[in-house]
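Below: the structure, in structure tokens.
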Amino acid sequence: MNTTVLYHALYGAMYYHWHRYQENMDHCDIPGEIVYPVGELAVKDPEALPEVLDAAVELLENSAVPKASALACLRYNTGHPSFPEAARTYTQGLLASIELHGTARGA
């Protein structure tokens, strides 16, 4: 999955889950077909993942989905069975960076 398709898929999944769960996005389930490529990208091309995460969150800025809820959803999905164990800590760190600094690339 190329990075443009991936960040649009992430955006679409978070947008869908916001309308489905509203405030309770701490336990939303993004399909494995979307979650696995995120983890795979973190392992194979870790420099590309911050751009993908930032792009997905940027798309959300013009929607009704609160950033904190979207990040909670993404954080929860790093525990998905299809998410590579080797990518979990790195991806969670990028999500924390978005939460603290507004970007996965840090301050």
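Rounding to the nearest 0.5 angstrom, the gap separating the CG atom in L53 from the OG1 atom in T91 is 7.0 Å. Going from atom CG of L59 over to atom CG of L10 covers 10.0 Å, rounded to the nearest 0.5 Å. Distance check: E51 CD to D45 CG gives 9.5 Å after rounding to the nearest 0.5 Å. Atom CD of E47 sits about 12.0 Å away from atom CZ of R105, to the nearest 0.5 Å.
Inter-residue side-chain proximity for L41 and T3 is flagged as met; some heavy-atom pair is nearer than 4.5 Å. The shortest distance between side-chain heavy atoms of V57 and K67 falls below 4.5 Å. Taking the side chain as every heavy atom from C-beta outward, L60 and W18 never approach each other to under 4.5 Å. Between D54 and L94, the closest side-chain pair of non-hydrogen atoms is not below 4.5 Å. Looking only at side-chain heavy atoms (C-beta outward), D29 and Y76 come within less than 4.5 Å of each other. Inter-residue side-chain proximity for H17 and M14 is flagged as unmet; no heavy-atom pair is nearer than 4.5 Å.
Within a 6.0 Å radius of CD in E40, other residues, nucleotides and ligands contribute more than 12 heavy atoms. Taking a 6.0 Å sphere around OH of Y15, one finds it holds 12 or fewer heavy atoms contributed by other residues, nucleotides or ligands.
No donor-acceptor pair closer than 3.5 Å links the side chain of Y90 to the backbone N or O of A42.
Closest of all the heavy-atom pairs between V43 and P84 is CG2-CB, 4.2 Å. Among all heavy-atom pairs drawn from Q92 and R75, the shortest one is NE2-O, 4.4 Å. Considering all non-hydrogen atoms of both residues, Y7 and V52 come closest at CB-O, 3.3 Å. Nearest heavy atoms, G39 versus A87: O-CB, 3.4 Å. The two residues P37 and G32 have their closest heavy-atom pair at CD-O, 3.9 Å. In this structure, V35 and N77 approach most closely via the heavy-atom pair CG1-O, 3.5 Å.
One hydrophobic cluster holds both V5 and I34 under the rule that ILVMFWY side chains link at heavy-atom gaps under 4.5 Å. In terms of hydrophobic clustering, with Ile, Leu, Val, Met, Phe, Trp and Tyr side chains grouped at heavy-atom distances under 4.5 Å, Y36 and Y11 are assigned to different clusters.
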From CA spacing to verdict: side chain to side chain contact (heavy atoms under 4.5 Å, CB included), V38, T78
CA-CA 9 Å; V38 172; T78 61; over 6 Å; no
